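Working notes, structure below.
None of the values given here were measured: they were computed from a predicted structure. Only heavy atoms go into these numbers, but all of them, side chains included; no hydrogens, no water, no symmetry mates.
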Amino acid sequence: MSLSDDWDIAKGSVLLSSVPEDVALKIKAQSSVVAYRRGATIFLQGEPARGIYIVLDGWVKLFRISPKGTEAVVGVFTKRQSFAEAAVFQNQAY
């Protein structure tokens with residue numbers, strides 16, 4: 001997949017689909033594409049929020065570990081879906 005294809009997918013997300021073109025170009029200039037292996041950790045609960053993510057391919061499962069040690073799924077995201085917006089926009093931790 002090319003960077004142009006990646007940007008087309010990202011622009012199709014709810015987060016970016018209605019953003020004015022000048023704003024989209026500023027976002028694009030500050031964006032990067034990162035590939036993660038299956039099971040990789042993207043960020044941990046409590047880390048400072050540094051970015052918003054848009055899934056370009058595959059899927060992402062966000063979860064947290066409950067006080068009892070069980071996994072609680074927060075959300076599952078697939079192609080063109082974004083996550084971590086609230087933490088970033090509110091200047092909070094993931």
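Counting only distance, with no hydrogens or angles, the side chain of T70 and the backbone of S66 share no donor-acceptor pair below 3.5 Å. Formation of a donor-acceptor pair under 3.5 Å by the Q81 side chain with backbone atoms of T78 is found in this model.
Contact of the I9 side chain with the K79 side chain is registered, since non-hydrogen atoms from C-beta on lie closer than 4.5 Å. Using a 4.5 Å heavy-atom threshold, the side chains of R80 and K11 count as separate. At a threshold of 4.5 Å between non-hydrogen side-chain atoms, the residues E85 and Q90 do not count as touching.
One hydrophobic cluster holds both W59 and V73 under the rule that ILVMFWY side chains link at heavy-atom gaps under 4.5 Å. Under a hydrophobic-cluster definition in which Ile, Leu, Val, Met, Phe, Trp and Tyr are linked whenever side-chain heavy atoms come within less than 4.5 Å, directly or via other members, I52 and L44 are assigned to different clusters. The hydrophobic clustering, which links ILVMFWY residues whose side-chain heavy atoms are closer than 4.5 Å, places V88 and V23 together. Under a hydrophobic clustering in which Ile, Leu, Val, Met, Phe, Trp and Tyr are joined whenever their side-chain heavy atoms come within less than 4.5 Å, directly or via other members, L16 and V14 fall into different clusters.
Atom CG of D22 has more than 12 heavy atoms from other residues, nucleotides or ligands within 6.0 Å.
In the hydrophobic clustering, I65 connects to F63, either directly or through intervening members, whenever side-chain heavy atoms lie under 4.5 Å apart. When hydrophobic side chains of Ile, Leu, Val, Met, Phe, Trp and Tyr are connected at separations under 4.5 Å, L62 ends up clustered with V34, Y36, I42, F43, Y53, V55, V60, V74, F77, F83, Y94.
Salt bridge annotation for K61-E71: present, with a cationic side-chain nitrogen under 4.0 angstrom from a carboxylate oxygen.
Residue pairs satisfying the salt bridge (charged side-chain N to carboxylate O under 4.0 Å, His left out) criterion with at least one member in residues 36-54, sequence neighbours excluded, are absent.
Closest approach of G51 to A84, counting heavy atoms only: O-CB, 3.8 Å. Between A87 and A93, the closest heavy-atom pair is CB-O, 3.6 Å. When every heavy atom of A24 is checked against every heavy atom of V19, the shortest pair comes out as N-CG1, 3.6 Å. Among all heavy-atom pairs drawn from A10 and L56, the shortest one is N-CD2, 4.1 Å.
The CD atom of E21 sits 12.0 Å away from the NZ atom of K26 when rounded to the nearest 0.5 Å.
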